[in-house]
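Counting starts at 1 for both ligands and their atoms, following the listed order.
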Amino acid sequence: MRKRSIVIFASGSGSNVEKIAEYFADRSDVEISLILSNNPKAGVIERARRYHIPVLLFDRTGFYQTDQVTSLLQKQGVDLIVLAGFMWLMPVPLVQAFPNRIVNIHPALLPKFGGKGMYGHFVHEAVVGAGETESGITIHFVNEQYDEGQVIFQATCPVEPTDDAEAVARKVQVLEHRHYPRVVDEVLQRLDLQYEL
Ligand code: GRF
C-alpha cells in the first residue's frame, strides 16, 4: 500500500500537532510530511523540529496572491490536509484542489460559536457568556467559508455554572487531544476505501 501523506497547517502552540505526530509515530503507512505556518514565532515550529517534520513558512501575499502553496501540495501528492490552529481562511483554489481532503478542528459545537473572529479564548468566553451547559469540539471538512464544511465528528463536555473560559478551554483541549488524531486516521482510511472502489 502506498504511504499516505498528511500535511498540517498550524500557527499556534502546536499541541494538537504534537498529539497527531505521536499518534502516527509508529505507523509505516502514514507520514506527516510537512507543517505549514504563517507564524515564524509559533510554538509549533519547535515541536515540529523535535519530531523531525519539515516546516514551510509563508506570508499572506504568498498564500493568497500566488498558487505556490497549492501547487506544492499537489506536486507532493498530499492525501490529507489537517488544520490544527490555523486561523486564515483557506484560499478558494486550495479548497477546490483538495475537495473533502481538508479537515479542521473547532473548539466548540458548531454551528454555534463559529465563524470569523471565533477562535481561541473568544470561543470559550462566548460559550460561558451565553450560559451554555455544554461545549465541545467539532471536526469538519473545510470549504470556502469559516467553520461551515460538513461535520465529521463532535464530542461534548459539560460546562458548569462555576466554569470560566479557561476552565472550558482546558476541558475542550482534553477532547481535542483525545479525538483529533484518531479521527484524522479514520478520514485517511476512508480515502483508502475510495481509492479501492
Ligand atoms: C485548538 O483549540 C483548535 O481547536 C483551534 O486552535 C487551537 C490550536 O491549539 N483550531 P494548539 O496549537 O494545537 O495547541
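In summary, the side chains of Ser11 and Asn38 do present a donor paired with an acceptor at a separation below 3.5 Å, with no hydrogens or angles considered. With hydrogens and angles left out, the side-chain atoms of Gln154 and Thr138 include a donor and acceptor closer than 3.5 Å. A donor and an acceptor atom, one from each side chain of Gln76 and Ser5, are nowhere located under 3.5 Å apart.
Applying the salt bridge (Lys or Arg N to Asp or Glu O under 4.0 Å) definition to pairs two or more places apart or across chains, those involving residues 116-136 are Lys112-Glu132.
Taking the six-membered ring for Trp and the full ring otherwise, the centers of Tyr180 and Phe24 sit at least 6.0 Å from each other.
Between atom CD of residue Glu186 and atom CD1 of residue Ile139 there is a gap of 9.0 Å, rounded to the nearest 0.5 Å.
Around ligand 1, the residues contributing at least one heavy atom under 4.0 Å from the ligand are Gly12, Ser13, Gly14, Ser15, Asn16, Gly85, Ile105, Pro107, Glu176.
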